[in-house]
Student: 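What follows is a single structure, and I will ask about it in a moment.
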Amino acid sequence: MPFIALLGCDGSGKSAVISQVTGQFRAAGIPVTCGHWRPEALPGRSAESLAAEDPHGKPPHGKVKSILKLGWLWFNWWLGWWRELRKASRDGLVVFDRFHGDLLVDPRRYRYGGAIWLASVASRLMPQPDLILFLDAPPEVLLARKQEVSRAALEHSRERYLQFGKSHRRFLLIDVNRPLEDVIKDVISRINAVHRAI
């Protein structure tokens with residue numbers, strides 16, 4: 001089974017989609033391993049858990065600390081891949097809510113203050129998902145679901161994700177402006193198609 005990463009702006013319903021998709025695969029007897037942003041191969045609180053409390057509330061780290069953190073992230077991904085995720089993707093499905101590529105879209109969330117080109121190189125040298133699914137809908141739909149984010153911030157985030165997708169051949173857009181059951185069927189179909197191809 002493949003390694004899948006799901007991305008989406010606030011209001012895209014990532015949590016609901018991941019919950020239902022993984023539930024259906026588990027019900028079919030397929031082992032599922034889930035993660036958020038990075039493997040938990042090394043101790044420490046992840047940047048994603050900190051960002052969840054206040055995504056852009058703290059300033060970026062300096063360049064030196066950002067580069068060290070980037071190296072730590074690279075090592076953490078490879079350690080997690082060889083310790084667990086490589087086997088998990090052979091035996092079942094691996095699903096991540098965000099992954100290292102998310103740093104390129106929203107470096108402020110992870111307090112990254114280094115060069116984006118360096119982060120891009122590092123990301124490409126980490127284990128890659130077999131499929132990146134971006135859960136997308138028009139800004140007005142996303143805002144109606146989650147109003148804690150400004151329209152300007154949401155539009156900026158969405159544009160960054162779409163730009164990110166242009167550089168990844170494994171990036172697919174999933175329209176979430178429809179009933180959840182249709183979204184789930186679409187996502188499962190895409191995962192199965194990748195599974196048959198690898």
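What's counted below: heavy atoms across the whole structure, side chains too, no hydrogens, waters or symmetry copies.
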Student: Taking atom CZ as the centre, does Arg90 end up with more than 12 heavy-atom neighbours from other residues, nucleotides or ligands that are less than 6.0 angstrom away?
Tutor: yes

Student: Is it true that Leu79 and Trp82 fall in one hydrophobic cluster, defined by side-chain heavy atoms closer than 4.5 Å?
Tutor: yes

Student: Compare all side-chain heavy atoms of Val176 with those of Arg145 and state whether any distance is below 4.5 angstrom.
Tutor: yes

Student: Tell me whether Val141 shares a hydrophobic cluster with Leu143, the cluster being built from Ile, Leu, Val, Met, Phe, Trp, Tyr side chains joined at under 4.5 Å.
Tutor: no

Student: Please report the closest heavy-atom contact between Thr33 and Ala88, naming both atoms and the distance.
Tutor: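 Looking at all heavy atoms of both residues, the shortest contact is OG1-CB, 3.5 Å.
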
Student: Do Trp78 side-chain atoms and Leu125 backbone N/O form a donor-acceptor pair below 3.5 Å?
Tutor: yes

Student: Are a donor atom and an acceptor atom from the side chains of His100 and Ser123 found within less than 3.5 Å of each other?
Tutor: yes

Student: Do Asp136 and Ser12 come within less than 4.5 Å of each other through their side chains, counting heavy atoms only?
Tutor: no

Student: Group every Ile, Leu, Val, Met, Phe, Trp and Tyr by side-chain heavy-atom contacts under 4.5 Å, then state whether Leu73 and Val64 land in the same group.
Tutor: no

Student: Would you say Arg160's side chain and Asp106's backbone share a donor-acceptor pair under 3.5 angstrom?
Tutor: no

Student: Is there a donor in the side chain of Gln163 and an acceptor in the side chain of Glu159, or the other way round, less than 3.5 Å apart?
Tutor: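 Short answer, yes.
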
Student: Only one of Val95, Asn192, Val94, Val194 forms a side-chain contact (heavy atoms from CB on, under 4.5 Å) with Pro2, so which one is it?
Tutor: Val194

Student: Can Glu84 and Arg86 be counted as an ion pair, charged N to O under 4.0 angstrom?
Tutor: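 No, this pair does not count.
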
Student: Where is the tightest heavy-atom contact between Arg109 and Asp102, given as atom of each residue plus distance?
Tutor: CD-OD2, 4.1 Å

Student: Please report the closest heavy-atom contact between Lys14 and Leu7, naming both atoms and the distance.
Tutor: CD-C, 3.6 Å

Student: So which heavy atom on Arg170 is nearest to which on Pro129, and how close?
Tutor: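 Answer, listing the atom of Arg170 first, then Pro129: NH1-O, 2.9 Å.
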
Student: Under a single-linkage definition using a 4.5 Å side-chain heavy-atom cutoff for Ile, Leu, Val, Met, Phe, Trp and Tyr, are Leu68 and Val121 assigned to the same hydrophobic cluster?
Tutor: no

Student: Side-chain heavy atoms nearer than 4.5 Å, only ILVMFWY residues, links allowed to pass through others: does that put Leu173 and Phe99 together?
Tutor: yes

Student: Indicate the ring-plane relationship of Phe171 and Phe164, choosing parallel, tilted or perpendicular according to the 30° and 60° boundaries.
Tutor: perpendicular

Student: With a 4.5 Å cut-off on side-chain heavy atoms, are Ile188 and Phe25 touching?
Tutor: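 A side-chain contact under 4.5 Å exists here.
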
Student: Ignoring hydrogens and geometry, is there a side-chain-to-backbone donor-acceptor pair from Arg158 to Ala137 under 3.5 Å?
Tutor: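 Here the side-chain-to-backbone pair exists.
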
Student: To the nearest 0.5 Å, what is the distance between CE on Met126 and CD on Gln128?
Tutor: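 Rounded to the nearest 0.5 Å, the CE-CD separation comes to 9.0 Å.
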
